[in-house]
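Whatever order the structure lists ligands and atoms in, that order sets their numbers, starting from 1.
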Amino acid sequence: MKPIDQLLMANKAWAKERTDDDPQFFKRLESIQTPKFLWIGCSDSRVPANEITGTEPGEIFVHRNVANMVVHTDLNLLTVLEYAVHYLNVEHIIVCGHYGCGGVKASLTNKSFGIINKWLRNIKDVHRFHADEVEAITNEDARVDRMVELNVQEQVMNLAKTSIVQKAWRERQAPHLHGWVYGLSDGLIKTVCDVPAGTRIDPLYEFYE
Ligand code: CO
C-alpha cells in the first residue's frame, strides 16, 4: 500500500474508533467550536499541538509556521489571531518553540536559503536584540537552544504589541500569553514566560483605544 493510502485507511479506522467509544463525538463537534487556547507553534512535524498537550479535537485553535513567529505584517497570523481573540474568545495564547529548531539554527548561519531568508530575517532581529548574551555562548547547540527561548519570548511580546490583543485586554481582561519550549529529546514543555492580560508593556507600543 502507498503511504498516502495508508493515511486514508488510518483515518477510517480512527473515525470508527471514535464513534465506537462515543457515538456523539462528531455530532457534538460539528455544531460548535469553543477552544480556550490559541497555539502558535513551529511547523516541525515532531511538535504536534494536540498530541503533546493531551488535548482533543475542538480544544486548541492552531497556527503553525517556521519557528513559531509572530510577524506583525503577516496577514495569515493576524487573521488567525483576530478570529481566535475576538470571535472564539480564547482565554490563553501559547507560543510554543522547540529546542533544536531548524529555523532558528538556519538564522544563526550566513547561508542563503532563497526566499526563506526573508522569514529568517525576523529571527536574526531577535539575535541582534540579544547579541551580547547569545554571542557569549560558545557551545553551538546551547546557543541555538538559548536563541529558541529568546525567540519565543520576543514572539510573545510581539503578540502583546498588537492592537488585537490590547483591545481584548481592555474589554475582557484576556487572553493571557504564554511562552513555552518543547524538548524533542524528552517530550517535556518548559515555561519560558507568562504575560498575564493587562501587563504593562513598553509604552512606545501601547494603544489607548
Ligand atoms: Co522548528
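Using a 4.0 Å cut-off between charged nitrogen and carboxylate oxygen, Glu206 and Arg200 count as a salt-bridge pair. For Arg64 and Asp44, the salt-bridge test fails: no basic side-chain N is under 4.0 Å from an acidic carboxylate O. Between Lys36 and Glu59 there is no salt bridge, since none of the side-chain N atoms of the basic residue sits less than 4.0 Å from a carboxylate O of the acidic one. For Asp22 and Arg18, the salt-bridge test fails: no basic side-chain N is under 4.0 Å from an acidic carboxylate O.
At a cut-off of 2.8 Å, measuring from the Co ion (ligand 1), the protein N, O or S atoms that fall short of it are Cys42 SG, His98 NE2, Cys101 SG, waters left aside.
Aromatic ring pairs are classed by plane angle as parallel below 30°, tilted from 30° to 60° and perpendicular above 60°; the pair Phe61 and Tyr83 is tilted.
Sequence neighbours left out, the pairs with a member in residues 91-126 that pass ring pair (Phe, Tyr, Trp, His ring centres under 6.0 Å) are Phe37-His92, His92-His176, His92-His178.
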